[in-house]
Amino acid sequence: MPELPEVETTRKGIGPHIQNKQISQVNIRHFGLRWPIPSNLAEALEGRHVTQTLRRGKYLLLDCGNGWLIIHLGMSGSLRILTQTEPPRKHDHVDLVFADGSILRYHDPRRFGAILWEPGNVWNHPLIREMGPEPLDPLLPADYLYDATRKRSQAIKQVIMDSKLLVGVGNIYASEALFRARIHPATAANRISKQRCQRLQQAIRQTLQSAIDTGGSTLRDYVNSRGDSGYFQLQHLVYDRTEQPCRVCGTPIRQIRQGQRSTFFCSHCQN
DNA sequence: AATCTTTCCTGCCGGC
DNA sequence: TGCCGGCAGGAAAGAT
């Protein structure tokens, strides 16, 4: 269930272990992810050093000097660091082996993730170029969400999950942020006042940031452990809490469907 | 058997 | 008429 906080936690977890290390070998056991892994990937990577590990939205971007490795974890992907060689388990599709013997291993049972190679300017890559702003960017104008939603009659929950509008808000944190902002998820986006849009933008930022802060405490266990952790769900206010009492007012949490996805909210707190 | 996770893609619609 | 943006629905694989 990687959303922005999980991807950021992964970035912080792997970054120090691969920074400035030389890639000596690339082992690909399964090319069939969301898009095929480029057949020249090993050739492009071997011998290069990783100089930066960045995140844009839910994408990880590894600067390899001669180009960029673009990694998306999809629905079920994870990355972990091995300090020595270890037999691959089921769904361990790709290894980056470093000169010091450590390994960055990509695991993805459902294979909705992606591993791509951009030899030029990664910011011009079609997947990166079209993305909306980062909700955690301190320079994001307070009225960004208000201005960006004026022509959107769609339900606000689906609008904040549109990555062309704003990156990083997936199904779980969309429900969580709307609860924090006390806005009903089915409200038409363009009928939400400026003040409430400001509140929602703030709630999105706080929700993502506190999830990242929580995930940060699991980093100690990053090496030799799974990159995805169930840790975040301890903090859910509404997600997956159907019929359970609202943590604020006690009203049973309701579950509805919006665009084939489940939404959770409190009908008393959110209106 | 239905549901969950992400997001790209196709096709349709209305406005200009 | 053609172009554009908004929007709904479908698709991918596997675990539970």
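This one's a predicted model, so the numbers in the text were calculated from it and none came from an experiment.
Through direct or indirect side-chain contacts shorter than 4.5 Å among Ile, Leu, Val, Met, Phe, Trp and Tyr, A:Ile256 is connected to A:Phe265.
In this structure, A:Arg261 reaches the B:dT6 phosphate: one of its side-chain N or O atoms is under 4.0 Å from OP1 or OP2. At B:dC4, one or more side-chain N or O atoms of A:Arg257 fall inside 4.0 Å of OP1 or OP2 (strictly under the cut-off). The phosphate of C:dA15 (OP1 or OP2) has no side-chain N or O of A:Ser76 nearer than 4.0 angstrom. Dashed line: the shortest gap from a side-chain N or O of A:Gln154 to OP1 or OP2 of C:dA8 is under 4.0 Å.
Contact of the A:Arg152 side chain with the A:Asp162 side chain is registered, since non-hydrogen atoms from C-beta on lie closer than 4.5 Å. For the pair A:Tyr59 and A:Ile71, the minimum side-chain heavy-atom distance is 4.5 Å or more. Using a 4.5 Å cut-off on side-chain heavy atoms (C-beta onward), A:Ile81 and A:Leu104 make contact.
Residue pairs meeting the side-chain hydrogen bond (donor to acceptor under 3.5 Å, both in side chains) criterion with at least one member in residues 122-143 of chain A, sequence neighbours excluded: A:Arg55-A:Glu134, A:Arg56-A:Glu134, A:Asp143-A:Gln198.
Place A:His91 and A:Val159 on DNA chain C by their nearest nucleotides, and A:Val159 ends up nearer the 5' end.
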* Asked: Could you spell out the base pairing of DNA chain B in dot-bracket, with Watson-Crick or G-U pairs whose two distances are under 3.5 Å, [ ] crossing and | to another strand?
  -> .|||.|||||||||||
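Residue A:Arg111 places its side chain closer to C:dA13 than to any other of C:dA13, C:dC7, B:dC8.
For the pairing with A:Tyr106, the side chain to side chain contact (heavy atoms under 4.5 Å, CB included) check across A:Leu79, A:Ile37, A:Asp92 returns one residue only, A:Leu79.
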